[in-house]
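A short worksheet on the structure shown next.
Source: prediction; values computed, not measured.
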Amino acid sequence: MFSVLLASTALASSPMCEEVFDEIESTIQSHYVAIALYRTNAPAIADAAAERHAAYRSQASLIDPDDMVGCTRVLQAYVNAYEDPHLFLNAMPSFSDAEAARSRANAPRLPISADRLRLQAVSATGRGPLVGVWAAEDFEVAIIPEGDGGFVAVVVATESEHWSVGDVAAYFDRHGQEWEAIQFRAEDRAPIRTIAHIVNDMILSMPPTDWGRIAPEPSELIGAWSPDNPRAPRFEMISDAVAWLAVPSLSPNHIGESLQAIIDERRDDILGVELLVLDLRGNHGGSASALAPLDPLILTREDSEEYQADAHSPVLLSSPATIGYYQRIVDRMPEGIERTVFADLLRRLQENPGSLVPMLTQAEHIALYNDPRVPADLFEQPEHVAILVDENVVSAGEAVLLRSRQSRRVTSFGANTGGSIDYQQVLMVTVGEGPLQFALGYPLMADSPLLPVGGFNQAGVPVDIPLAGDQASWPQQILSHYGLH
């Protein structure tokens with residue numbers, strides 16, 4: 001299906017797929033901090049990566065330059081084989097005016113009314129979790145069965161000048177054990193290949209895009225649900241004794257000021273309950289600064305008084321990209337202790353090209369970095385905070401769980417997280433060009449010089465109390481643990 005569709009766009013000005021592969025590999029080898037640690041601490045992993053390189057490059061060399069999706073599939077599979085979610089490749093094609101015009105002219109459509117499409121989607125929900133009506137930021141789609149086991153997403157409502165009812169927004173098909181999504185970019189209908197998965201029956205995640213389920217209604221609906229912003233925080237009083245705060249993202253794009261607004265507005269409710277459940281299931285991370293509103297709910301005064309800073313310091317691989325990144329940070333910083341810390345790091349990166357460099361070397365800087373920074377305005381109640389996580393929690397979501405370990409009132413429940421916390425501080429660079437242009441993200445910082453030994457990426461961050469059975473039963477299991485109903 002995809003090859004016939006894409007061949008009609010007659011793309012030009014594209015580099016060969018293996019040329020883009022070589023650029024990606026060169027960037028990974030030169031700038032990705034985990035590579036240096038593998039060579040030192042886990043040579044077997046480094047050897048396996050070298051073996052994969054030859055196999056994937058051979059595949060890339062066989063791809064037709066016009067086959068955008070085929071090339072993207074191979075390149076993303078190679079990057080994903082490193083099994084670090086902070087190392088990723090997103091398609092970001094750049095079309096000439098002529099290519100964009102051809103792509104729009106050949107954009108697929110289904111000439112079916114919106115009402116009929118919605119009816120088809122709702123009546124076919126037994127065909128799989130993808131089927132239904134979903135909302136994006138500026139349109140709604142009905143996902144219906146199409147072809148032999150595949151699905152198609154068709155626009156049924158839109159506020160965008162780029163879309164009309166009946167336009168195909170995406171195709172979905174099985175590729176191995178995964179759902180492959182081919183989304184069409186609004187302005188030029190460029191095909192964007194990614195992997196799709198359902199998060200908690202509510203979110204259709206196709207990084208960096210999310211769609212929220214409209215119909216059938218999500219089975220575990222807590223708080224005010226906004227399908228067009230499915231990762232917005234939600235709050236609900238389950239009973240007089242239990243408050244539930246769902247935070248499926250820590251990205252400023254999704255939460256803005258809304259998380260702090262919820263906590264401020266519902267402060268009396270939170271202080272009056274026996275148990276607060278902080279539901280992080282499906283949290284795909286975001287900004288570390290977004291953790292601040294949660295700290296008063298998690299930490300206690302006693303936690304701060306008993307906290308002992310360790311000698312923990314992350315490490316970075318000194319490369320031109322890393323040096324440039326921290327030079328820009330230092331240039332923007334006002335005078336003060338933080339600028340002093342980063343200026344010292346920048347100096348050591350410049351003096352040790354190609355080496356692993358500790359982020360911190362002075363004892364007072366290490367103590368500052370590891371200080372719990374307990375806020376002055378703590379919530380003295382509730383007595384108990386339950387943090388609920390699953391395998392879809394990654395990155396900053398995992399940081400919340402790790403930070404909660406110093407709190408005496410927090411107990412964590414659920415399943416091990418997804419494992420995307422060992423390597424952090426992602427830098428985005430452009431590789432390739434034209435139709436085969438991509439955004440490559442890779443982390444600059446490793447949490448420990450011993451990684452991958454002792455890290456969390458392989459198995460995820462464990463919880464205090466694992467929960468069994470279907471996730472629909474997890475809320476009741478938590479309430480039962482505290483003797484609540």
Side-chain angles (χ1 to χ4, degrees), residues 5 69 88 90-93 100 103-104 107-110 112-122 124-125 128-146 150-173 179-218 221 223-234 246 248-249 251-256 258 282-286 392 439:
L5 171 68
V69 168
F88 57 88
N90 291 338
M92 193 177 63
S103 182
R104 286 192 297 267
R109 285 181 50 80
L110 281 184
I112 304 175
S113 72
D115 289 343
R116 183 180 171 192
L117 285 166
R118 291 179 187 273
L119 181 62
Q120 280 187 251
V122 173
T125 52
L130 290 174
V131 176
V133 181
W134 300 81
E137 184 176 0
D138 55 3
F139 63 77
E140 295 178 6
V141 297
I143 298 182
I144 58 177
E146 195 269 348
F151 299 89
V152 58
V154 188
V155 175
V156 294
T158 179
E159 298 177 356
S160 169
E161 62 179 341
H162 298 298
W163 296 103
S164 299
V165 172
D167 287 343
V168 171
Y171 285 108
F172 302 89
D173 207 354
W179 279 109
E180 180 180 72
I182 308 297
Q183 299 180 76
F184 295 99
R185 193 164 59 190
E187 61 270 24
D188 55 14
R189 296 302 193 272
I192 308 294
R193 189 262 183 191
T194 187
I195 297 300
H197 63 281
I198 305 290
V199 179
N200 300 334
D201 193 42
M202 303 173 75
I203 300 172
L204 178 51
S205 176
M206 300 170 285
T209 302
D210 290 317
W211 293 352
R213 185 186 291 279
I214 298 175
E217 189 174 88
L221 201 54
W225 171 238
S226 299
D228 59 345
N229 186 12
R231 293 193 183 272
R234 308 184 308 278
S249 174
S251 169
N253 293 334
H254 296 292
I255 65 174
S258 58
N283 191 298
H284 64 171
N392 294 309

### Task
Taking all non-hydrogen atoms of both residues into account, name the closest pair between Ala215 and Val122 and its distance.
CB-CG2, 4.2 Å
#### Entry: side chain to side chain contact (heavy atoms under 4.5 Å, CB included) involving Pro207 - partner list, sequence neighbours excluded
Thr194, Ser205
### Task
Fit a plane to each ring of Phe184 and Tyr171, take the angle between them on a 0 to 90° scale, and name the class: parallel (under 30°), tilted (30 to 60°) or perpendicular (over 60°).
perpendicular
### Task
Please report the closest heavy-atom contact between Leu110 and Val152, naming both atoms and the distance.
CD1-CG1, 4.1 Å
### Message
Looking at every heavy atom in both Ile255 and Ser249, which two are closest together, and how far apart are they?
### Response
CG2-O, 3.4 Å
### Task
Can you see which heavy atom on Val156 is nearest to which on Ala142, and at what distance?
CG1-CB, 3.8 Å
### Query
Which distance, rounded to the nearest 0.5 Å, do you find between the CG of Leu130 and the NE2 of His197?
11.5 Å
### Task
Supply the atom-to-atom distance Ile203 CD1 to Thr209 OG1, rounded to the nearest 0.5 angstrom.
12.5 Å
### Message
Test your reading of the model: is there a side-chain donor-acceptor pair from Arg213 to the backbone of Pro230, 3.5 Å cut-off?
### Response
no
### Query
side chain to side chain contact (heavy atoms under 4.5 Å, CB included) between Phe151 and Glu146: does it pass, once the steps are laid out?
CA-CA 5 Å; Phe151 299 89; Glu146 195 269 348; 5.6 Å; no
## Note on the structure
The side chain to side chain contact (heavy atoms under 4.5 Å, CB included) partners of Ala91 (sequence neighbours excluded) come to Thr72, Pro93, Ile192, Phe438
### Message
To the closest 0.5 Å, what do you measure between OG (Ser251) and NE2 (His254)?
### Response
4.5 Å
#### Entry: Under the side chain to side chain contact (heavy atoms under 4.5 Å, CB included) test, residues paired with Ala196 that sit two or more places apart
Phe172, Trp179, Ala181, Leu204, Met206
### Between CZ on residue Arg118 and CD1 on residue Ile112, distance to nearest 0.5 Å
14.0 Å
### Task
Locate the shortest heavy-atom distance separating Gln183 from Ala170; write the atom from each residue and the value.
CA-CB, 4.0 Å
### Query
Side chain of Asp188, backbone of Ala190: donor and acceptor closer than 3.5 Å?
yes
### Summary
Across all chains, not counting sequence neighbours, the salt bridge (charged side-chain N to carboxylate O under 4.0 Å, His left out) partners of Glu187 are Arg185
### Task
Report yes if some heavy atom in the side chain of Pro248 is under 4.5 Å from a heavy atom in the side chain of Arg234; otherwise report no.
yes
### Query
Got a sec, which residues hit salt bridge (charged side-chain N to carboxylate O under 4.0 Å, His left out) with Asp167, two or more places apart in sequence or on another chain?
Arg109, Arg189
### Message
If I compare all heavy atoms of Pro191 with all of Ile182, which pair ends up nearest, and what's the gap?
### Response
CB-CG2, 3.8 Å
### Query
Which is it for His284 and Val199 under the side chain to side chain contact (heavy atoms under 4.5 Å, CB included) test, yes or no, and what are the steps along the way?
CA-CA 10 Å; His284 64 171; Val199 179; over 6 Å; no
### Summary
For residues 152-164, the side-chain hydrogen bond (donor to acceptor under 3.5 Å, both in side chains) pairs (sequence neighbours left out) are none
